[in-house]
Amino acid sequence: MTYDDFHSLCQHRRSIRYFDEKPVSKEEVLTLLKLARLAPSVENLQPWHFHVIYNPELRKKLTEASCYGNFVEGAGVFIVVTANRSLENKAKEIVWNPRELEYSCMAAMTNVILGATAMEIGSCWVSLHHGTAYEILKLPRHETVVGGLMLGHFKRGEEQNSNGHERNPLEEMYTFHE
Ligand SMILES: Cc1cc2nc3c(=O)[nH]c(=O)nc-3n(C[C@H](O)[C@H](O)[C@H](O)COP(=O)(O)O)c2cc1C
């Protein structure tokens with residue numbers, strides 16, 4: 001793969017919030033989770049857990065737990081990613097910033113998002129009220145909610161509704177310390 005291939009994948013990705021009826025299959029989800037598994041993580045602790053939500057009742061409840069937007073129900077599948085905080089005690093080195101467990105989950109979620117783009121599956125991160133999602137899923141105490149991911153097949157026309165990537169100028173985002 002060349003830089004140009006990867007650049008074009010990143011360029012092609014954007015948040016998709018409306019999907020067609022076709023569900024995302026378990027096989028497709030597992031294909032994406034294989035990518036998540038390859039993500040970097042603090043001390044290789046792999047603290048992520050993916051709750052793959054097909055159950056309509058749970059989806060409805062989780063829509064209410066989302067911070068903005070009411071589109072979760074329309075997704076082909078909804079995934080809630082949690083971090084296993086109990087791994088902090090298992091780390092060989094001191095995990096000096098416990099949030100790094102959550103950052104590791106984000107890295108895995110990014111692999112899923114980019115993989116979905118490559119598979120022509122739309123995706124969007126969904127911010128969740130952590131406590132509410134935690135209660136809805138009846139999670140064990142050591143699991144912390146990191147965020148939600150909607151995945152779905154493109155609704156006709158939605159793939160063309162791009163606003164483009166509005167981004168700050170490149171020069172504003174770096175400082176070289178030489
Ligand atoms: C941590 C995080 C939380 C986000 N939360 C939401 C959300 O709750 N609902 C939503 O519609 N989009 C959410 N997004 C998507 C952003 O709105 C989107 O990435 C941003 O506007 C840039 O657009 P693009 O992804 O199409 O390039 C979130 C993205 C990130 C990384």
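We count ligands from 1, going down the list as the structure has it; atoms in each ligand are counted the same way.
Residue contact check for ligand 1: Met106 places no non-hydrogen atom closer than 4.0 Å to it. Judged by the shortest distance from any of its heavy atoms, Cys124 lies inside the 4.0 Å radius around the atoms of ligand 1.
Counting heavy atoms under 4.0 Å from ligand 1, residue Ser127 touches it through both backbone and side chain. With a 4.0 Å cut-off on non-hydrogen atoms, Gln11 does not touch ligand 1 at all.
Inspection of the Asn84 and Ser86 side chains reveals an N or O donor paired with an N or O acceptor under 3.5 Å. Of the N and O atoms on the side chains of His51 and Glu143, at least one donor lies less than 3.5 Å from an acceptor on the other residue.
Residue Arg167 places at least one N or O, backbone or side chain, under 3.5 Å from an N or O of ligand 1.
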> His130 and Tyr134: ring-ring contact (aromatic ring centres under 6.0 Å, His included), yes or no, with the steps?
Replying inline: CA-CA 6 Å; His130 290 192; Tyr134 175 90; 10.0 Å; no
>> Before you tell me yes or no, could you show the steps for Ser8 and Asp5 under side-chain hydrogen bond (donor to acceptor under 3.5 Å, both in side chains), namely the whole-Å CA-CA distance, both residues' side-chain angles and the distance that decides it to 0.1 Å?
In response: CA-CA 5 Å; Ser8 126; Asp5 292 334; over 6 Å; no
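Close contacts between ligand 1 and Val126 involve ligand atoms 7 (C), 8 (O) [criterion: under 4.0 Å to a heavy atom].
Side-chain contact between Ile16 and Cys124 is absent, with no heavy-atom pair separated by less than 4.5 Å.
Among Ser15, Gly148, Cys10, the residue whose heavy atom lies closest to atom 19 (O) of ligand 1 is Ser15. Atom 16 (C) of ligand 1 has its nearest heavy-atom neighbour, among Arg13, Arg14, Arg17, in Arg17.
The environment of Phe6 atom CZ is sparse: at most 12 non-hydrogen atoms of other residues, nucleotides or ligands sit within 6.0 angstrom.
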